[in-house]
S.K.: 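Below is one structure. I have some questions about it.
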Number of protein chains: 2
Amino acid sequence: MSCTMPGTKEPNPADLIWSERLKTDFDINKMHAFLEGSEPEALETLRLMQQLERDPILTAGPSYYEMSKNEHREATARKIMRMAQYMEIDAPNYARFQNRLNLIAVVDPQLGTRIGVHLGLFLGAVRGNGTEAQFKYWAEERGAIRMNGVYGCFAMTEMAHGSNVAALETTATYNKESDSIFINTPHVGATKWWIGGAAHSATHTVCFARLIVDGKDYGVKTFVVPLRDTRHELHPGVSLGDIGAKMGRDGIDNGWIQFSNVEIPREFMLSKYTTITDEGEVVDPPLAQLAYGALLGGRVTMVTDSFRTSERFITIALRYSVGRKQFANKGSTTENQLINYPLHQKRLLPYLSWTYGMAIASHVIQQSYKQTLEKLDEGVASGDFAQLQDAIAALKELFGDSASLKSTCTWKCLELIEECRQSCGGHAYSAYSGFAKGYVDHAVQCTWEGDNNILAQNSGRITIQKVMKFNKSGNRPRAGYEFLADALKSQGGLNKQSVQQLDKLLGAMNLLIYRMAADCAQTVEKTGDWDAIASEKLTLSKMYAARFILDKWIQRLNTLNENNGSIDKPLFMLAQIFALSNVEAFGSHFLRFGIVSAEVYKTLLEQLGKICKEVRPYVIGLSDSFKMSDFFINSTLGSYNGDIYEHYYGVVKNLNNPALTKASYSTSFERDMQRPSVAERECFERSSKTLSKL
Amino acid sequence: MSCTMPGTKEPNPADLIWSERLKTDFDINKMHAFLEGSEPEALETLRLMQQLERDPILTAGPSYYEMSKNEHREATARKIMRMAQYMEIDAPNYARFQNRLNLIAVVDPQLGTRIGVHLGLFLGAVRGNGTEAQFKYWAEERGAIRMNGVYGCFAMTEMAHGSNVAALETTATYNKESDSIFINTPHVGATKWWIGGAAHSATHTVCFARLIVDGKDYGVKTFVVPLRDTRHELHPGVSLGDIGAKMGRDGIDNGWIQFSNVEIPREFMLSKYTTITDEGEVVDPPLAQLAYGALLGGRVTMVTDSFRTSERFITIALRYSVGRKQFANKGSTTENQLINYPLHQKRLLPYLSWTYGMAIASHVIQQSYKQTLEKLDEGVASGDFAQLQDAIAALKELFGDSASLKSTCTWKCLELIEECRQSCGGHAYSAYSGFAKGYVDHAVQCTWEGDNNILAQNSGRITIQKVMKFNKSGNRPRAGYEFLADALKSQGGLNKQSVQQLDKLLGAMNLLIYRMAADCAQTVEKTGDWDAIASEKLTLSKMYAARFILDKWIQRLNTLNENNGSIDKPLFMLAQIFALSNVEAFGSHFLRFGIVSAEVYKTLLEQLGKICKEVRPYVIGLSDSFKMSDFFINSTLGSYNGDIYEHYYGVVKNLNNPALTKASYSTSFERDMQRPSVAERECFERSSKTLSKL
């Protein structure tokens, strides 16, 4: 505490936060278990969090926000090697390591990415596209799975091609005589670009290149290409460099790579599906489409990451909104807490509800990913056609769901960070609030591993196709799209009482999606032009994600038993906020399809405001339930104890020593500040006296 | 050009851009004149731009995006002193200097701010709140206006108070015996915070503090307080420091200041309105409200800044969208340009229309600001009550208009930067694209000098009050709100033909605002609670800005003569896009108030798509019309000649030397990568052989 004059009203954010915390009337351990899926999972999360936050190398803290690109790179490299040691402990429980990685990514996203590129993309591709022997060799014998000896990167995107993988231009030309493959970058546009880990770390890459045999182009396949030898020196023919400063995640050494006729043995081609026989013939079964399955893991992870990142930033904004006061109500002499303003509630609580919704979605999609991979492995191993067809259907559904959820959740999270930042006013512009790095680090999630707009187009198109098929055949769509079949039956129109029935709200969303998709289907059937409804597909994808979440939310609420620690009430209200704020977000569509009348619409928005007010007293409890310790929060504005001002002041003084009253540039600045007048600096050469001489 | 293999399809962005450029069929010089207000203004802008871009000290370029906080600080200090020299040239034409400053701020926003704080805020406050003698002394005699000798900062916000200026807690206690004032910071929460220029540069500050005389609190007044002496050493009693790293604008030395009973002469109180007489009595006329007028200049500048910044980023996105190809249309072998996709048009063209709209708004509000200040000066000088009332009315209108336009335009610009970034895909995540720094630098505009949400609340409230008054009295509202009186008469409902009549579209917006405000008025009259309609006030403010722009746009179109170089056609279509995209943005409100039927709404959105397609061929011409040279664009993705890939590759190699194949951290990374196995590192102490010994 610093010296204070008596009679003045020193702010007391910690008091405000603690008094609300003490009034929380539901069991936050039970709420945490709900968010994590179950009590054992919640405990596992906490155990991992504790281990991570105490680790001397994995530190972050406020100084993290001051680090230069080089410092980030260096620290990240050390942290990777530290995580490798945890992996040695976790092995063979890679699921645990993945959870660990997802958690450390909350506080240090670039670290998550650098390891994710190696394990998820490089090794994921070797596992997904390679034979068992190939995986065994690179992962186990050579040590990639322990991040020992082999450290991989993922050379897919090229300078002129990102989303359109099928059009990549790097060539892999098979030479029969030498029984080897030559990798080549034909021109600058085909330079591998954005390759995380390429600039300074990776020893090997999985390279995506067009297989050319006897002049015939077999399309894009994958190849393990060594980049550096054991001395970490570049192989000849491999040119690469750092692509430099980025919007965020500067700790990742993204690079470019050009291959100039680099020879690799035929055996380095990943050959689970496509093979070149000893006779030099290409066997290219139709199942090769499965080769892209590896990317789905990244998309699924991003749903989880959006959830975790949202947990972090909504916590900061809510704690600040309780601790910070501004303006007094009419007639009052004490100022009002930000969160007491209806507009502030309206700005933040829908995002809080989304965070809870993303928790639910993350859990479902992670399970579904795990099950699908198992099915696929079993299918491929069994060789049974029906089983494989089943697995492929599951994969397709996962593709659709993850496209919609990845794009919607990463966007929602980015919006959330920005809205939370703005809601904290000026102090959120300080780097130490965490918002700045949070935003720039997360921003890329909307673009990489499937550009959000393109993924959303895919998802929207699937929904429309399901409706087309259903309307023609009358056959109920499968699993995730079954709701379309019942949408019309449910009489989904909303009335003023609907707000009390989540099923009603879900029914209305189902009907909206059906109507909109049917409308689009008509257009497509008339014009044959899918691009003309691009904007509608985008909206459909967002609606699909929202109804997916609401659907699972209702299911989860139904599983709560009596002894739920009173978490059912706030969870129900949050679900209402989630549903109503989506009614608002898609308001023009609800209205134009007549699913809600103008009068009911107005009432629903008023009810949204009322429920926000009812949830208001729970905001500290609802964010404490995330159990993010200060290490993970890493913000001057959102620490648990709520002592915002003293904390912030302390961090600022600690990192910017006030004893240094002059800047490095002071000498020249002072000289220029005290400069002589223009006339003197020009030796009076424009004065009338001078001019009279000339 | 680099080596290229024959038979490969090297990308050709420059060809694509140039071929479209050559087809532009309107006069871009005339379009530039339209954007800048007139031909002489356009020429003046170009002359200033040319001078700035050639200046050896005011450089930026790609390396600007790699600079550390310290490097930014140092470069900015040099640039300030360079700009001071231009000011010596411009004086007494300060309007020209302001234009110069607005332009350099496009490429170096932090430089704009640092000078803006001194000139606009510090000197603005001295001018607005001080007597003529006070302004003469600090500005002229002491040299502040030449940035020579005195360099000022603006100590308004405190750690615990930003928006609520009236509740600031720093005290200024008048002591009759010494005839002096003691400035004091009572506690940490009252520490002046975010003070641009305080950390290392400012010699003086205008301090906002509560005037206390004989124990009576007269509210917040302004005082010139010296911080540093001529040796640039801190005065005793003044404690200050750097507040450190920020989201953006790291070149600004924002600081905190604590005053510990710092004595200043009574004469340092700015006394245009409030005075302490020689007898120690406070004279505090009601006109003191005018003292806050100084802040309006900043808000008006931010409209201009949003326009300029939008020009820059929409140009990058549009050039990239023409040069970049991705995916082929069905049946085609060559890939399609991004801008050919309807979704891409839908994403970018409404923002292009907003950029044109902001140009128009910027011009109008700048004029109105200038005229209002003149009126005010004349009013105060004349002492004529009627004249002064008139000036105050104009000031109020400017307050409302600038609140709505500042908040709407800074938000729109921030959205624009983000959407443009996402539309350029992965490459936009490179710092050299300019988007990252553009975003983080602009982000603060939504918060400072009037938090956007609070300003929008003010604007929305004004509209509602005007409707209340009009409905009660029947008297037509003044000037800017006159449209409310005619809103009902105009029969503003839209039909399918409305798209051809901008007046019709404007009428519909007018009606919407009237209806919504009237609806809010009812709620307020019933409940007395203005906070319950906070969200509606926010929306009303955004609607007000949109209709303001459309209104002025129509007026400007009507002034075009025959010989307009064919700019009328694209300008008309852009206005249609502007209007229709606002119909979509406020779709739920248009529908719920029955101003558009569901059927017509659908048709209007289809028409929006069609007009976007019609504007598609003009995008290069429409962005070239901004005449932003590569110096101002400063992006690897948006240079004029369109040679995106070679340019980008060159910048990356130039700033990240590929000959340095190892990173600074390579040694330890390589050592860890080749580490012995876990068992070896543990001396086999867990082996069964060892355990059998234990």
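Because the structure is predicted, anything quoted here is derived from the model rather than measured. The basis for the numbers below is simple: all heavy atoms, side chains too, and nothing from hydrogens, waters or symmetry mates. First the proteins, then the strands, lettered A, B, ... as listed; each starts at 1.
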S.K.: Quick check on the interface: out of B:Gly189, B:Gly241, B:Ala167, B:Gly244, who has the most heavy-atom pairs with chain A under 4.5 Å?
M.R.: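 Most heavy-atom pairs within the cutoff with chain A belong to B:Gly244.
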
S.K.: Check whether the side chains of A:Trp193 and B:Tyr648 place a donor and an acceptor atom closer than 3.5 Å, and report yes or no.
M.R.: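 A pair is found: one side chain offers a donor N or O, the other an acceptor, under 3.5 Å apart.
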
S.K.: Please classify the contact of B:Val150 with chain A as side chain, backbone, both or neither, using a heavy-atom distance under 4.5 Å.
M.R.: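 For B:Val150, the backbone is the part near chain A, not the side chain.
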
S.K.: Which atoms of B:Leu414 come close to chain A, meaning under 4.5 Å heavy atom to heavy atom: side chain ones, backbone ones, both, or neither?
M.R.: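 For B:Leu414, the side chain is the part near chain A, not the backbone.
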
S.K.: When heavy-atom pairs shorter than 4.5 Å are enumerated against chain A, which of B:Ser433, B:Gly587, B:Ser666, B:Gly426 gives the highest number?
M.R.: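 Counting heavy-atom pairs under 4.5 Å, the top option is B:Gly426.
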
S.K.: Pick from B:Arg78, B:His232, B:His200: which one makes a side-chain contact (heavy atoms from CB on, under 4.5 Å) with A:Phe669?
M.R.: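 Single pass found, and it is B:His232.
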
S.K.: Would you mind checking which part of B:Glu536 comes under 4.5 Å of any heavy atom in chain A, side chain (CB onward), backbone (N, CA, C, O), both or neither?
M.R.: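 No part of it gets close to chain A.
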
S.K.: When the ring centroid of A:Trp448 is compared with that of B:Tyr429, is the distance short of 6.0 Å?
M.R.: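 Between B:Tyr429 and A:Trp448, which both carry aromatic rings, the centre distance is not below 6.0 Å.
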
S.K.: At a 4.5 Å cut-off on heavy atoms, which part of B:Ser239 comes close to chain A: side chain, backbone, both, or neither?
M.R.: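 The answer is neither part of B:Ser239.
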
S.K.: Which word best sums up how the rings of A:Tyr439 and B:Tyr439 line up, parallel for under 30°, tilted for 30 to 60°, or perpendicular for over 60°?
M.R.: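 Parallel, since the angle between the ring planes stays under 30°.
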
S.K.: How long is the straight-line distance from OG of A:Ser535 back to CZ of B:Arg347, given to the nearest 0.5 Å?
M.R.: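 Between atom CZ of B:Arg347 and atom OG of A:Ser535 there are 11.0 Å.
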
S.K.: Sort B:Asn184 into side chain, backbone, both or neither according to what part of it lies under 4.5 angstrom from a heavy atom of chain A.
M.R.: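 The answer is the side chain of B:Asn184.
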
S.K.: Between NE2 of A:His427 and CE of B:Met159, what distance do you get to the nearest 0.5 Å?
M.R.: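 Answer for the NE2-CE pair, A:His427 versus B:Met159, is 5.5 Å.
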
S.K.: Check whether B:Ala199 gets within reach of chain A through its side chain, its backbone, both or neither, counting any heavy atom under 4.5 Å.
M.R.: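 Answer is backbone: N, CA, C or O of B:Ala199 sit under 4.5 Å from chain A.
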
S.K.: Side chain, backbone, both or neither: which part of B:Asp253 has a heavy atom under 4.5 Å from chain A?
M.R.: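 The side chain, not the backbone.
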
S.K.: With chain A, which of B:Arg228, B:Glu599, B:Arg231, B:His344 has the greatest number of heavy-atom pairs at distances under 4.5 Å?
M.R.: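 Of the candidates given, the most pairs with chain A belong to B:Arg231.
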
S.K.: Should A:Asp519 and B:Lys602 be marked as a side chain to side chain contact (heavy atoms under 4.5 Å, CB included) after you check the CA-CA gap, both sets of side-chain angles, and the distance that decides it?
M.R.: CA-CA 11 Å; A:Asp519 203 50; B:Lys602 194 183 169 190; 3.1 Å; yes

S.K.: Could you please spell out the steps behind the side chain to side chain contact (heavy atoms under 4.5 Å, CB included) verdict for B:Lys537 and A:Leu343?
M.R.: CA-CA 10 Å; B:Lys537 283 187 282 178; A:Leu343 184 60; over 6 Å; no

S.K.: Quick one: are A:Glu418 and B:Glu418 in side-chain contact, heavy atoms under 4.5 Å?
M.R.: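 No, too far: nothing below the 4.5 Å cut-off.
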
S.K.: In terms of heavy-atom pairs under 4.5 Å, which option from B:Asn453, B:Asn329, B:Thr191, B:Leu655 contacts chain A the most?
M.R.: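 The candidate making the most pairs under 4.5 Å is B:Asn453.
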
S.K.: Sort out for me which of A:Lys653, A:Lys9, A:Lys69, A:Lys437 touches chain B most, counting heavy-atom pairs under 4.5 Å.
M.R.: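 Among A:Lys653, A:Lys9, A:Lys69, A:Lys437, the one with the most close pairs to chain B is A:Lys9.
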
S.K.: Determine the option with the most heavy-atom pairs under 4.5 angstrom with chain A, choosing from B:Gln85, B:Glu606, B:Arg675.
M.R.: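 Max contact count across the listed options: B:Arg675.
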
S.K.: To the nearest 0.5 Å, what is the distance between CG (B:Asp531) and CG (A:Asn340)?
M.R.: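 One gets 10.0 Å once the value is rounded to the nearest 0.5 Å.
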
S.K.: Nearest 0.5 angstrom please: B:Tyr601 OH to A:His589 NE2, how far?
M.R.: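 Atom-to-atom, B:Tyr601:OH and A:His589:NE2 are 6.0 Å apart.
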
S.K.: So for B:Leu538, is it side chain, backbone, both, or neither that comes closer than 4.5 Å to the heavy atoms of chain A?
M.R.: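 The side chain, not the backbone.
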
S.K.: With a 4.5 angstrom heavy-atom cut-off, is it the side chain or the backbone of B:Thr661 that approaches chain A, or both, or neither?
M.R.: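 For B:Thr661, the contact with chain A is made by backbone and side chain together.
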
S.K.: Without hydrogens or angle criteria, can the side chains of A:Asn164 and B:Glu335 be said to hold a donor-acceptor pair below 3.5 Å?
M.R.: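 There is such a pair between these side chains.
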
S.K.: Check whether A:Trp411 gets within reach of chain B through its side chain, its backbone, both or neither, counting any heavy atom under 4.5 Å.
M.R.: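 Just its side chain gets close to chain B.
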
S.K.: Is B:Glu88 salt-bridged to A:Arg681, cutoff N-O under 4.0 Å?
M.R.: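 Here B:Glu88 pairs with A:Arg681 in a salt bridge, since their nearest N and O are under 4.0 Å apart.
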
S.K.: I would like to know whether A:Tyr665 and B:Arg73 meet side chain to side chain contact (heavy atoms under 4.5 Å, CB included); could you show each step before the answer?
M.R.: CA-CA 8 Å; A:Tyr665 58 80; B:Arg73 292 276 176 89; 3.5 Å; yes

S.K.: The criterion is salt bridge (Lys or Arg N to Asp or Glu O under 4.0 Å); which residues satisfy it with A:Arg592, sequence neighbours excluded?
M.R.: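 Scan of A:Arg592 (salt bridge (Lys or Arg N to Asp or Glu O under 4.0 Å), adjacent residues dropped) gives none.
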
S.K.: Please check if any side-chain donor atom of B:Tyr341 sits under 3.5 Å from a side-chain acceptor atom of A:Gln457, or the reverse.
M.R.: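 No, no side-chain donor-acceptor pair sits under 3.5 Å.
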
S.K.: In terms of heavy-atom pairs under 4.5 Å with chain B, which of A:Tyr151, A:Phe586, A:Tyr65 leads?
M.R.: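 Top count of heavy-atom pairs under 4.5 Å with chain B: A:Tyr151.
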
S.K.: Starting at NE2 of B:His187, measure out to CD of A:Glu646 and round the result to the nearest 0.5 Å.
M.R.: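 The CD atom of A:Glu646 is 11.0 Å from NE2 of B:His187, to the nearest 0.5 Å.
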
S.K.: Go through the steps for B:Gln326 and A:His161 under the test side chain to side chain contact (heavy atoms under 4.5 Å, CB included), then give the verdict.
M.R.: CA-CA 7 Å; B:Gln326 206 73 261; A:His161 285 103; 3.1 Å; yes

S.K.: Do you know which of A:Asn148, A:Thr447, A:Asp242 has the most heavy-atom pairs under 4.5 Å to chain B?
M.R.: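 Max contact count across the listed options: A:Asn148.
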
S.K.: Heavy-atom cut-off 4.5 Å, strictly under: side chain, backbone, both or neither for B:Gln422 against chain A?
M.R.: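 For B:Gln422, the contact with chain A is made by backbone and side chain together.
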
S.K.: Are the side chain of B:Arg421 and the backbone of A:Ala443 linked by a donor-acceptor contact shorter than 3.5 Å?
M.R.: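 Yes: the side chain of B:Arg421 pairs with the backbone of A:Ala443.
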
S.K.: Between A:Ser588 and B:Glu584, is any pair of side-chain heavy atoms under 4.5 Å apart?
M.R.: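 With C-beta onward as the side chain, the pair stays apart.
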
S.K.: Where does A:Gln258 contact chain B at under 4.5 Å (heavy atoms): side chain, backbone, both or neither?
M.R.: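 A:Gln258 touches chain B through side-chain heavy atoms alone.
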
S.K.: Only counting residues at least two apart or in another chain, list the ones meeting side chain to side chain donor-acceptor pair (under 3.5 Å) with B:Thr203.
M.R.: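 With neighbours one apart ignored, the set is empty.
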
S.K.: At a heavy-atom distance under 4.5 Å, which candidate from B:Ser668, B:Ser163, B:Gly425, B:Cys446 has the highest pair count against chain A?
M.R.: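 The residue among B:Ser668, B:Ser163, B:Gly425, B:Cys446 with the greatest pair count is B:Ser163.
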
S.K.: Side chain, backbone, both or neither: which part of B:Glu10 has an atom under 4.5 Å from a heavy atom of chain A?
M.R.: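 It is both, since atoms from each part get that close.
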
S.K.: Could you grab the distance from atom CG of B:Leu234 to atom NZ of A:Lys662, nearest 0.5 Å is fine?
M.R.: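 It comes to 9.0 Å.
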
S.K.: Where does B:Lys325 contact chain A at under 4.5 Å (heavy atoms): side chain, backbone, both or neither?
M.R.: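 Interface part for B:Lys325: backbone (N, CA, C, O).
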
S.K.: Side chain, backbone, both or neither: which part of B:Asp672 has an atom under 4.5 Å from a heavy atom of chain A?
M.R.: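 For B:Asp672, backbone and side chain are both near chain A.
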
S.K.: Is A:Glu233 atom CD crowded by more than 12 heavy atoms from other residues, nucleotides or ligands, each under 6.0 Å away?
M.R.: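 Atom CD in A:Glu233 is crowded, with more than 12 foreign heavy atoms closer than 6.0 Å.
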
S.K.: What part of B:Ile533 lies closer than 4.5 angstrom to a heavy atom of chain A: side chain, backbone, both or neither?
M.R.: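 No part of B:Ile533 comes within 4.5 Å of chain A.
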
S.K.: Counting only heavy atoms closer than 4.5 Å, note whether A:Ser201 contacts chain B via side chain, backbone, both or neither.
M.R.: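 It is both, since atoms from each part get that close.
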
